[in-house]
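Take a look at the structure below.
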Amino acid sequence: MKTEQLIRALSADAATRLLTVGRAFALALAAGAAVAAILFAVRLGPRPDIAIVALDPRFLFKFVVTLVLAATALALALRLARPGAETAFWAVALAVAPLLLALGVVAELAFTPSGTWGMNLQGKNWLYCLTYVPLLSVPLLAAALVAFRHGAPTRPALAGAVAGLLAGGLGAALYVAHCTDDSPLFVATWYTIAIAGVTVLGGLVGRFMLRW
Amino acid sequence: MHEREAEWADLMRRAIAGDDAAYERLLRTLAPSLRAAARRGFARAGRGDAEVEDVVQETLLAIHLKRHTWDASAPLGPWVRAITRNKLVDALRRRGFRIEVPIDDLAEVLPANTPEPASGVVQAVERNLDALPARQRAVVRAIAVEGVSIAETATRLSVSQGAVRVALHRGLAALALKLGKIE
């Protein structure tokens, strides 16, 4: 078949409506979040004192950090899914969440006695954190990767890793509602390890799954 | 040059709104630029022109199937360039070359300088057409090779026009997948 003829077939298919990139991410993430929420409800549930700590700054800080990470990763993902789109700004913006967390750690070190640092860092449920943050993130990662497949990422491994950051951020935000370890030292250690794991997984899967 | 890019973007906007004549014009305008870019890439790898048209077809399919990833408020040039670079680098990588291919401004290519090669070589789409399911193959062949309309194809195959549209779209998507796996 000549290229001329191929063009004829392509133009005959012009009317086919395709989902925009933004809508694809919205739909996929909504589905992924629903699965993660069910998983959370069945296996974890909110911490018993959630009504009491709801306005506690250290507790809220965990939401802020994880959601800022998810939001910046989503903004970057929407650009990575479009060939030729400008990504530099949002790539730099990814640093906001780690910087916030670093500030939280500095504040924690400044205002708590050094004798409590080791205990706070280790926390009570670090193994839970390392298990459930990735577990809650997996349906969200699958969703983000499916949305990316609908897009056209020209850097598959990077796109997969950013999908991992996005899913890790959202999964961690969900886990926050259950987690009773509120020290930024705990978050900076265990949440970081868990989200890094999801990011590496996203990058590895993305490398193969996001080619087009 | 910027005028041409503005014209491309305008054609693409109309295409996305369903104007297939505008779309056909856009793809015909783009093809020579893609061909020139592919030729440069293959020359850089020290390969001949024999497979250039394969890459052109693969890129056109990618542009088509990913057209919803273009932001209608942005210029079309950078988007087309990124897709072209991606497809070209991939095609060369499958042939064992890992090279960077700078894609120049596609709008600067003069169409007259890069005509489609005379047939003789069986090109990528043709080679993969037989692997499609029967209906998709029949639909793609009727519309592309014979230039039959969707309505007429529907009558000919005694199916609805909707079924023809679906078969056409799926057939093109399947072709794109197969083209990406050559060698």
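Throughout, protein chains are lettered first and strands after them, A, B, ... in sequence-line order, and every chain is numbered starting at 1.
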- Query: Which bit of B:I150 is near chain A, if near means a heavy-atom gap under 4.5 Å: side chain, backbone, both or neither?
  - Reply: side chain
- Item | Reported CD-to-CZ distance for the pair B:E146 and A:R8, which is rounded to 0.5 angstrom | 9.5 Å
- Indicate the atoms forming the closest heavy-atom contact of B:D71 with A:R82, along with that distance. N-NH1, 3.3 Å
- Task: May I ask you to test the B:I83-A:W212 pair for a side-chain heavy-atom distance under 4.5 Å?
- Result: yes
- Task: Report yes if some heavy atom in the side chain of A:T20 is under 4.5 Å from a heavy atom in the side chain of B:H68; otherwise report no.
- Result: no
- Item | Pairwise side-chain contact, B:R35 with A:T3, heavy-atom cut-off 4.5 Å (strictly under) | yes
- Item | Spacing of CG belonging to A:L18 relative to CZ belonging to B:R67, to within rounding of 0.5 Å | 5.0 Å
- Message: Only pairs of heavy atoms separated by less than 4.5 Å count here; which of B:A62, B:G147, B:G18, B:P78 has the most with chain A?
- Response: B:G147
- Query: Between A:R211 and B:R93, which heavy-atom pair has the shortest distance, and what is it?
  - Reply: NH2-NH1, 3.8 Å
- Query: Counting only heavy atoms not in B:R137, do more than 12 sit closer than 6.0 Å to its CZ atom?
  - Reply: yes
- Message: Counting neighbours of CZ on B:R170 that are heavy atoms of other residues, nucleotides or ligands and sit closer than 6.0 Å, is the number greater than 12?
- Response: no
- Message: Please give me the minimum heavy-atom distance between B:A82 and A:G84, naming the atom from each residue.
- Response: CB-N, 3.3 Å
- For atom CZ of A:R207, is the number of surrounding heavy atoms from other residues, nucleotides or ligands below 6.0 Å larger than 12? no
- Item | Spacing of B:L172 atom CG and A:L6 atom CG [to the nearest 0.5 Å] | 7.0 Å
- Task: For B:R44, look at atom CZ and say whether over 12 heavy atoms of other residues, nucleotides or ligands are found less than 6.0 Å away.
- Result: no
- B:I63, part contacting chain A, at a heavy-atom distance under 4.5 Å: neither
- How long is the span from the CG atom in A:L78 to the OG1 atom in B:T69, to the nearest 0.5 Å? 12.0 Å
- OG1 (A:T154) and CG (B:D90) are apart, to the nearest 0.5 Å, by 10.0 Å
- Query: Mind checking whether A:T16 and B:R165 have side chains closer than 4.5 Å, heavy atoms only?
  - Reply: no
- Query: Is chain B contacted by the side chain of A:R155, its backbone, both, or neither, given a heavy-atom distance below 4.5 Å?
  - Reply: neither
- Query: chain A: which of B:L60, B:D20, B:V145 shares the most heavy-atom pairs with it under 4.5 Å?
  - Reply: B:V145
- Note on the structure: Counting heavy-atom pairs under 4.5 Å with chain A, the top scorer among B:H64, B:R141, B:R85 is B:H64
- Segment of B:A74 engaging chain A (4.5 angstrom heavy-atom cut-off): neither
- Among the options A:P83, A:A152, A:G22, A:A15, pick out the one with the most heavy-atom pairs lying under 4.5 Å from chain B. A:P83
- Closest non-hydrogen atom pair, A:A14 against B:Y23: CB-CD2, 3.5 Å
- Do other residues, nucleotides or ligands put more than 12 heavy atoms under 6.0 Å from the CZ atom of B:F97? yes
- Message: Please classify the contact between B:V56 and chain A as side chain, backbone, both or neither, with a heavy-atom cut-off of under 4.5 Å.
- Response: side chain
- Note on the structure: Minimal heavy-atom distance between A:A12 and B:I143, with the atoms involved, is CB-CG2, 3.7 Å
- Taking all heavy atoms of A:R149 and all of B:K66, pick out the closest pair and write down the distance. O-NZ, 2.9 Å
- 4.5 Å side-chain heavy-atom contact, A:Q5 and B:V125: no
